[in-house]
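Residue numbers start from 1 in every chain, and the chains themselves are labelled A, B, ... in the order their sequence lines are given, proteins ahead of strands. Treat the numbers as computed from the prediction; the structure is a model and nothing was measured.
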Amino acid sequence: MTKRLKKTLKESVNPQQLEAVNSIKGPVAVFAGAGSGKTRVITYRIAHLIDKGIPLGNILAVTFTNKAANEMKERIGSLLDLDTKELWIGTFHSICLRILRRSGKEIGIRQDFAVFDNEDSLSLIKDCMKESNIDIKRVNPRSVSKAISDSKVALVSSDEYSKIAGNGYFIDIVSNVYSLYEKRMRENNALDFDDLIYKTVLLFQQKHEILDKYQELFKHILVDEYQDVNAVQYELLRLMASKHKNIFVVGDDDQSIYAFRGADPSYMLRFQKEYKGSKVIKLEENYRCSKMILSAANCIVQNNENREQKKLWTKNEDGAKVKLVVCSNEKDEAQKVVQLIQDQVKNKSRSLNDFVVLYRINAASRNFEEALVSETIPYQLVGGFKFYQRKEVKDFISYLRVVINPDERVSINRIINYPKRNIGAVFVKKIEQVAYEEKCSFYKACNVLLEKKETVARGRKGLKEFIDIIETARNTLENGTLFDVAKLIYEKSNIVQSLENEFPEYLAKEKIANLGELLTAINRFEGGYDRKEPILQAYLSDVTLYTDLDQMNKKEEKVTLMTIHSVKGLEFPIVFMAGMEEGLFPHYLSNSKKDALEEERRLCYVGFTRAKTELYLSYAMNRELYGKTNKTTSSRFLDEISEDLIETLRISLVGDGKSGLRKQISSVNRSKKDFSKGIKVEIEDLTKGKIVCHKVWGHGLVMELNEIDGEYIVKIDFDTVGERMLNYKYAPLRILEDSEDSEKEIDTD
DNA sequence: CACCTTGTGTTTTTT
DNA sequence: ACACAAGGTG
């Protein structure tokens with residue numbers, strides 16, 4: 001081992017981590033709790049392998065995101081001061097893509113196949129269903145898509161699936177659609193996300209000499225987030241590792257949050273049985289979270305029955321209690337969270353990069369965006385509606401896709417009549433008919449139709465325009481740059497004019513700006529391009545496989561917004577988890593099933609353990625969802641946190657909550673606790689200005705008291721829900737003898 | 001063929 | 001609330 005690496009290792013890893021780094025022969029499983037430094041272990045282990053003289057090209061590392069892969073490459077590069085391009089580091093999907101590009105032809109997959117994202121794939125499934133006369137209203141295409149995806153994960157081909165046909169209405173439909181879908185995918189020269197892994201397994205199963213080649217290539221295999229491996233991924237790893245058995249997996253069964261796409265944490269628990277003589281290492285020291293946060297996280301996850309017992313501990317400080325923020329509705333919640341961020345930035349000179357706001361569903365991002373915009377705080381939204389999924393961007397990309405792959409009907413369908421060229425459904429049918437008669441592709445049929453003098457259909461002119469764009473673009477690609485191609489499409493396609501006509505000015509501007517951004521991105525991609533693969537092909541697979549999580553940057557000052565799923569593997573000094581309500585988190589679709597509920601709990605655990613020093617939880621007492629405002633109940637997860645680890649933070653936004661106004665912030669223990677400490681409220685206590693405590697709504701200011709028909713109606717302004725009228729007879733109110741003392745005011749001007 | 005209206009259903013998490 | 005599909009009209 002080189003001196004330098006040895007020194008670095010000694011300084012930066014503990015004995016268990018060192019053992020994991022040094023055990024380079026044979027199968028090794030590392031059970032690594034949250035924040036126990038597993039990324040560090042993988043990084044140093046690769047560096048160690050290289051240091052031992054293993055060629056870079058013989059090391060395969062599977063990471064959860066492409067960003068993690070790039071970061072790892074960089075760190076190894078700077079650790080050893082060498083070029084890491086030869087390393088095989090990436091997600092399952094990107095590694096399989098590379099393998100199939102190189103060797104897919106062995107099982108009839110063309111080298112230039114397209115990659116379909118979920119939207120493309122769903123659109124093709126709908127077409128298949130329509131073609132099979134299946135009523136899309138009766139059978140949800142998404143559930144069919146899910147069934148097909150599940151089959152591929154379970155390594156069940158369409159032929160095998162059809163054997164179980166006859167066992168029910170839905171199964172028969174899936175069987176039909178699955179076969180047709182596979183046929184159409186071949187015609188489209190396309191693979192979907194599941195195919196990338198599934199077909200690689202098929203390749204290895206069917207072509208032993210190819211498998212042999214890759215087994216020799218990947219002498220050392222490392223897998224991160226092993227608890228989220230599914231059946232097809234497991235099989236892939238098993239095949240590749242079966243010869244040398246140098247497989248190193250790292251995971252944490254408490255952080256398994258992808259069961260919905262087939263992940264099975266039991267592969268982690270079964271590792272020792274599958275790989276005889278394997279070594280097991282446990283990393284139980286957490287270096288990330290404060291004691292308070294770690295304890296709260298443990299409170300949650302220990303309620304799961306299906307888990308390995310373990311004791312994660314930390315030497316870190318106790319830290320502050322977890323803060324609970326109770327809000328009246330989702331807008332109020334967003335305002336309060338933003339307010340708390342602003343206070344910290346102003347009073348504790350925190351960087352905006354220290355904060356992340358987490359939520360269960362993407363749709364919840366909107367209120368936070370609005371609140372941040374109105375306070376002009378810069379933010380980055382990760383996930384959700386991704387740049388490359390925006391309609392105008394995808395339409396533009398579709399042109400590029402057809403240029404490189406004219407067989408791809410899904411993209412042709414998107415753009416043949418966009419912008420409008422008088423090519424409607426009838427004309428498309430006509431082209432399909434010609435394709436059928438001439439036994440040629442749809443694209444070819446377009447040309448045939450243009451040759452024919454007798455086609456005087458209204459769409460003829462439009463069709464000629466369309467074909468011209470594609471053909472000129474293809475010529476440009478051969479003789480010019482990719483950027484030239486993009487510019488040509490930008491100018492000739494009329495998308496810009498179409499957007500201007502279609503949308504009000506401000507929207508059109510935004511969309512056109514997106515296209516401008518796309519052109520810039522293409523130019524930048526081309527500038528830094530140094531691979532052998534044809535550039536357009538590489539660009540297109542990159543944009544479908546790369547998520548914007550991969551582009552997340554920490555350079556600019558920004559608050560980060562994302563789902564709890566997306567935050568896996570990351571850490572932030574201060575974490576906000578919003579929407580801690582029953583039905584939202586745990587999500588109501590997970591309520592009925594025990595396994596699903598345990599997954600929600602793990603998700604909660606993942607969220608908590610992202611926080612280094614402060615954790616804020618919030619919920620709204622009323623939430624608008626799917627057009628209706630509903631009263632909510634706070635999440636059961638809040639009740640699972642032991643009382644001494646959490647306190648309620650009461651924030652009242654004086655005035656309308658806009659900036660520049662004085663805000664009153666006060667912190668007391670959980671209102672529940674105060675309520676139990678309090679004494680019964682007498683009618684004489686209900687004078688204006690008195691502070692009382694309500695069982696559910698916490699503290700409030702008495703506004704007025706009226707006697708109506710012998711009943712006392714009191715109007716109270718609650719910090720949590722605003723003004724409420726309550727009947728004294730029934731209201732669960734109590735009063736604290738020293739209630740005023742717990743108030744403290746912070747001027748935030 | 002394009003546009004508009006109406007009605008219907010649907011609502012997690014990601015590569 | 002929103003998206004999408006279908007149906008009717010110019």
Side-chain angles (χ1 to χ4, degrees), chain A residues 62-69 90-97 115-119 121-123 126 129-130 135-143 146 149 152-153 191-198 225 228-230 232-233 256-263 330 358-364 366 382-384 386 388-389 391 417-428 457-459 462 501-502 541-550 562-569 579 583-591 596 599-600 602-604 606-607 623-630:
Chain A
V62 186
T63 58
F64 200 69
T65 62
N66 291 297
K67 181 174 179 259
T91 59
F92 275 108
H93 292 89
S94 62
I95 284 164
C96 288
L97 176 90
V115 180
F116 275 12
D117 67 13
N118 286 340
E119 192 196 359
S121 148
L122 188 65
S123 132
K126 278 184 194 166
M129 288 174 75
K130 283 173 191 163
D135 187 358
I136 281 178
K137 277 182 180 155
R138 274 192 64 175
V139 182
N140 185 345
R142 291 172 73 169
S143 61
K146 175 84 170 69
S149 171
K152 289 180 179 177
V153 166
L191 298 181
D192 62 28
F193 283 143
D194 298 311
D195 284 334
L196 291 176
I197 303 168
Y198 176 48
E225 309 282 7
D228 280 326
V229 158
N230 62 28
V232 64
Q233 290 166 342
S256 166
I257 54 174
Y258 284 95
F260 69 90
R261 65 175 199 209
E330 70 281 348
L358 303 177
Y359 33 79
R360 176 67 237 268
I361 59 171
N362 280 306
R366 208 171 142 175
V382 178
K386 298 174 186 80
Y388 286 102
Q389 291 181 341
K391 188 183 174 298
N417 196 34
Y418 181 82
K420 299 260 150 63
R421 296 188 184 94
N422 277 320
I423 304 173
V426 182
F427 197 46
V428 170
R458 264 204 288 175
N501 295 333
E502 229 178 315
S541 15
D542 269 25
V543 299
T544 32
L545 245 46
Y546 270 62
T547 67
D548 52 16
L549 190 63
D550 300 325
M562 60 175 122
T563 63
I564 312 171
H565 280 89
S566 299
V567 83
K568 183 159 95 153
L584 195 59
F585 193 32
H587 196 272
Y588 73 98
L589 291 172
S590 310
N591 264 344
E599 177 146 316
E600 295 283 301
R602 290 193 292 271
L603 193 56
C604 186
V606 168
R623 183 172 293 269
E624 186 184 311
L625 208 62
Y626 312 128
K628 276 203 302 266
T629 300
N630 296 309

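Partners of E119(A) by salt bridge (Lys or Arg N to Asp or Glu O under 4.0 Å), not counting sequence neighbours, listed by chain and number: K394(A), R414(A). When the ring pair (Phe, Tyr, Trp, His ring centres under 6.0 Å) test is applied to F92(A), no partner is found at least two apart in sequence or on another chain. By the salt bridge (Lys or Arg N to Asp or Glu O under 4.0 Å) test, K420(A) is found to be paired with no residue, residues two or more places apart in sequence or in another chain being considered. Scored by the side-chain contact (heavy atoms from CB on, under 4.5 Å) test, D542(A) finds F525(A), R531(A), Y546(A) as partners (sequence neighbours excluded). The side-chain contact (heavy atoms from CB on, under 4.5 Å) test applied to A363(A) returns I361(A), not counting sequence neighbours. Remark: F193(A) pairs with H93(A) by the ring pair (Phe, Tyr, Trp, His ring centres under 6.0 Å) rule, at least two apart or across chains. Applying the side-chain contact (heavy atoms from CB on, under 4.5 Å) criterion to V426(A), with sequence neighbours excluded, gives no partner residue.
Taking atom CG on N140(A) and atom P on dA3(C), their separation rounds to 17 Å, with Å as the unit. Atom C1' of nucleotide dT14(B) and atom OH of Y388(A) are separated by 18 Å, given to the nearest angstrom. At whole-Å resolution of the value, CG in N417(A) and C1' in dA2(B) are 10 Å apart. Per the geometry, CG belonging to L589(A) stands 7 Å off P belonging to dT12(B), to the nearest Å. Computed from coordinates, the Y418(A) OH to dC1(B) P distance equals 19 Å when rounded to whole Å. Following rounding to the nearest Å, E330(A) (CD) and dA1(C) (C1') show an atom-to-atom distance of 12 Å. Counting to the nearest Å, the P atom of dT13(B) and the CD atom of E599(A) are 13 Å from each other. Distance H587(A) NE2 to dT10(B) P: 15 Å, rounded to the nearest Å.
Distances were taken from every side-chain heavy atom of I361(A) (C-beta onward) to each of dA2(B), dT13(B), dT14(B); the shortest belongs to dT13(B). Looking at the side chain of N422(A), the nearest of the listed nucleotides dA1(C), dC1(B), dC2(C) is dC1(B). Closest contact between the side chain of F427(A) and the listed nucleotides dC1(B), dT11(B), dT12(B) involves dC1(B). Closest to the side chain of S590(A), out of dT15(B), dT14(B), dT12(B), is dT12(B).
Nucleotides dT12(B) and dA5(C) place their C1' atoms 24 Å apart, quoted to the nearest Å. Comparing the same atom, P, in dT13(B) and in dC4(C) gives a spacing of 15 Å after rounding to whole Å.
Side chain of N591(A) to main chain of G583(A): no donor-acceptor pair is present (N/O by atom type, distance under 3.5 Å, no hydrogens or angles). Without hydrogens or angle criteria, R360(A) side chain to L584(A) main chain gives no donor-acceptor distance under 3.5 Å.
Heavy atoms of L603(A) sit nowhere under 4.0 angstrom from any nucleic acid atom. The residue R602(A) sits apart from the nucleic acid: no heavy atom pair falls under 4.0 Å.
In the interface, the side chain of N118(A) is paired with the base of dT15(B) through a donor and an acceptor atom under 3.5 Å apart.
For the pair N230(A) and dT15(B), the criterion of a side-chain N or O lying under 4.0 Å from OP1 or OP2 is not met. Close to dT14(B), at under 4.0 Å from its OP1 or OP2, lies a side-chain N or O of T563(A). For R366(A), a side-chain nitrogen or oxygen approaches OP1 or OP2 of dC2(C) to under 4.0 Å. In this model, the phosphate group of dT13(B) is not approached by any side-chain N or O of S566(A) to a distance below 4.0 Å at OP1 or OP2. Look at R261(A) and you won't find any side-chain N or O under 4.0 angstrom from OP1 or OP2 of dT12(B).
A stacking contact between F92(A) and dT15(B) is absent: the pair does not combine a ring-centre distance of less than 5.5 Å to the base's six-membered ring with planes differing by less than 30°. Both thresholds, 5.5 Å between centres and 30° between ring planes, are not jointly met by H93(A) relative to the base of dT15(B), so the two rings are not stacked.
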Each nucleotide N or O in nucleotides 3-6 of chain B that has a protein N or O under 3.5 Å away: list the pair and distance.
{"unit_1": "dC3(B)", "atom_1": "OP2", "unit_2": "K420(A)", "atom_2": "NZ", "d": "3.1"}

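Looking at heavy atoms from C-beta onward, T91(A) lies out of side-chain contact with F64(A) at the 4.5 angstrom threshold.
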Produce a footprint string for nucleotides 5-10 of chain C: one letter per nucleotide, 5' end first; B if the base is under 4.0 Å from any protein heavy atom, S if only the sugar-phosphate is, - if neither.
SS----
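Remark on DNA chain B: of its neighbouring residues E600(A) and A425(A), the 5'-side contact belongs to A425(A), judged by nearest-heavy-atom nucleotide. Nearest-nucleotide mapping onto DNA chain B: of D194(A) and V428(A), the residue sitting toward the 5' end is V428(A).
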Please step through side chain to side chain contact (heavy atoms under 4.5 Å, CB included) for the pair Y258(A) and E225(A), ending with a clear verdict.
CA-CA 11 Å; Y258(A) 284 95; E225(A) 309 282 7; over 6 Å; no
